[in-house]
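In what follows, every heavy atom counts, from backbone to side chain, and hydrogens, waters and symmetry copies are set aside.
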There are 2 protein chains.
Amino acid sequence: MQGLSIGEVAAQTGLQTSAIRYYEQMGLIPKPQRHNTRRRYDPSVLQWISLINLARKAGFSIAEVQTLMHGFEADTPPSERWQTMAHSKLVQVAQQMQVLQQMQALLTYGMQCQCLRLEDCRISDEQGCNEGCSGATQSEGCE
Amino acid sequence: MQGLSIGEVAAQTGLQTSAIRYYEQMGLIPKPQRHNTRRRYDPSVLQWISLINLARKAGFSIAEVQTLMHGFEADTPPSERWQTMAHSKLVQVAQQMQVLQQMQALLTYGMQCQCLRLEDCRISDEQGCNEGCSGATQSEGCE
DNA sequence: CTATCATGTGAAGTGCACTTTAAGTCAAGC
DNA sequence: GCTTGACTTAAAGTGCACTTCACATGATAG
């Protein structure tokens with residue numbers, strides 16, 4: 001029997017069969033032939049799926065992968081599609097990095113607190129301000 | 001009329017009233033007194049809520065804030081609670097940073113592709129390997 | 001006195017990326 | 001012939017952090 005069953009595609013790509021059907025439904029992978037209701041995949045689908053996996057790892061949502069696949073004029077080469085999408089995604093990634101850095105700052109800042117009761121603690125009062133805890137560690141340059 | 005209405009608390013904290021009720025339901029803020037079915041808040045709730053906001057900004061989930069509030073012995077000071085929670089959260093933040101860096105790498109790596117047809121493109125084949133596109137830009141040190 | 005607004009409740013809805021379930025079909029091995 | 005396992009479908013469920021809805025009631029302004 002020629003072609004790959006959905007189970008074989010799942011095994012080779014690391015996806016679950018349910019995810020493959022879902023991707024098909026979302027239009028991310030072409031509808032395969034059927035042998036008596038069963039899907040039979042051309043091996044090229046493996047390449048499609050690894051491109052999808054790459055895009056997902058790079059942070060693209062399913063909707064964005066749809067755009068990558070179908071949101072351009074048919075003769076737009078993959079290189080151009082990727083560049084268009086990747087450009088704005090890089091901006092988002094940079095923003096997310098900043099959020100994480102702020103989280104780091106808040107976490108370490110909060111760790112300096114020495115308060116024994118919540119009522120004493122002013123960590124939460126003025127955000128970004130360097131002095132938070134009443135009796136405690138440091139105070140300086142607070143606006 | 002003494003105390004704050006839920007609308008006033010919402011206005012002062014930037015939360016929506018629905019979020020305040022939700023936090024109450026989740027046990028993040030103490031149940032306020034009622035005046036004839038209406039909630040009446042002591043102003044100290046503002047401090048509670050800004051601590052919650054801080055924790056949320058620092059990346060704690062609602063469940064983690066619950067732990068922060070109620071997951072320790074009653075005499076554990078806030079400083080110790082925060083340090084315990086922040087330590088593991090900092091590890092997660094660092095991991096998330098690495099994920100973002102990998103995303104950046106994948107995005108810029110894919111932007112080097114010059115392929116005109118998806119079939120030519122091997123970006124997706126061997127991940128982390130530096131040569132991806134057949135006719136194109138560069139190839140070097142690929143394991 | 002009445003219209004309007006804020007508030008009360010429980011239940012259901014939202015978005016995302018799938019997974020799980022229920023109920024049925026098909027091919028192969030014993 | 002029968003069981004087992006892989007497969008089929010549509011529909012519902014998951015997790016998170018809320019929001020929205022429908023409907024009831026209380027407070028306030030004119």
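- Minimum atom distance to the side chain of A/Asn36 is reached by C/dA27, of the listed C/dA27, C/dT7, C/dC18.
- Across the protein-nucleic acid pair, B/Met26 atom CE and D/dG15 atom C1' stand 13 Å apart, rounded to whole Å.
- A/Tyr41 has its side chain out of reach of A/Glu8: every pair of non-hydrogen atoms, C-beta onward, lies at least 4.5 Å apart.
- The CD1-P distance, from A/Ile49 to C/dC18, rounds to 12 Å in whole Å.
- C/dA6 atom P lies 14 Å from atom CD1 of B/Ile20, rounded to whole Å.
- In this structure, B/Phe60 has its ring center under 6.0 Å from that of B/Trp82.
- Base contact: A/Ser18 has a heavy atom under 4.0 Å from a base atom.
- Per the geometry, NE2 belonging to A/His35 stands 16 Å off C1' belonging to D/dT8, to the nearest Å.
- In this structure, B/His87 places its NE2 atom where only 12 or fewer heavy-atom neighbours from other residues, nucleotides or ligands lie under 6.0 Å away.
- The local environment of CD in B/Gln33 is sparse, with at most 12 non-hydrogen atoms from other residues, nucleotides or ligands closer than 6.0 Å.
- Distances shorter than 4.0 Å separate some side-chain N or O of A/Ser5 from OP1 or OP2 on D/dC7.
- In this entry the distance linking CD of A/Gln66 with P of C/dC18 reads 12 Å, nearest Å.
- Distances shown here put a side-chain N or O of B/Arg21 below 4.0 Å from the OP1 or OP2 atom of C/dG8.
- Donor-acceptor pairing under 3.5 Å, judged by distance alone, is absent between the side chain of A/Arg39 and the base of D/dC7.
- Within the 4.0 angstrom heavy-atom criterion, only backbone atoms of the sugar-phosphate kind lie near B/Arg56; the bases stay farther away.
- Residue B/Arg34 places at least one side-chain N or O under 4.0 Å from the OP1 or OP2 atom of C/dT9.
- Nearest to the side-chain atoms of A/Gln16 among the listed nucleotides C/dG8, D/dT19, C/dT19 stands C/dT19.
- Distance, B/Arg40 CZ to C/dT7 P: 8 Å, rounded to whole Å.
- Distance from the side chain of A/Tyr22 is smallest to C/dT19 among D/dC18, D/dT25, C/dT19.
- The phosphate of D/dA17 (OP1 or OP2) has no side-chain N or O of B/Tyr23 nearer than 4.0 angstrom.
- Among C/dC18, D/dA27, D/dA17, the nucleotide with an atom closest to any side-chain atom of A/Ile62 is C/dC18.
- Atom CD in B/Glu24 sits about 15 Å away from atom P in D/dC18, given to the nearest Å.
- B/Gln102 CD to B/Leu100 CG: the interatomic distance, rounded to the nearest 0.5 Å, is 9.5 Å.
- Between the NZ atom of B/Lys57 and the C1' atom of D/dA17 there is a distance of 17 Å, rounded to whole Å.
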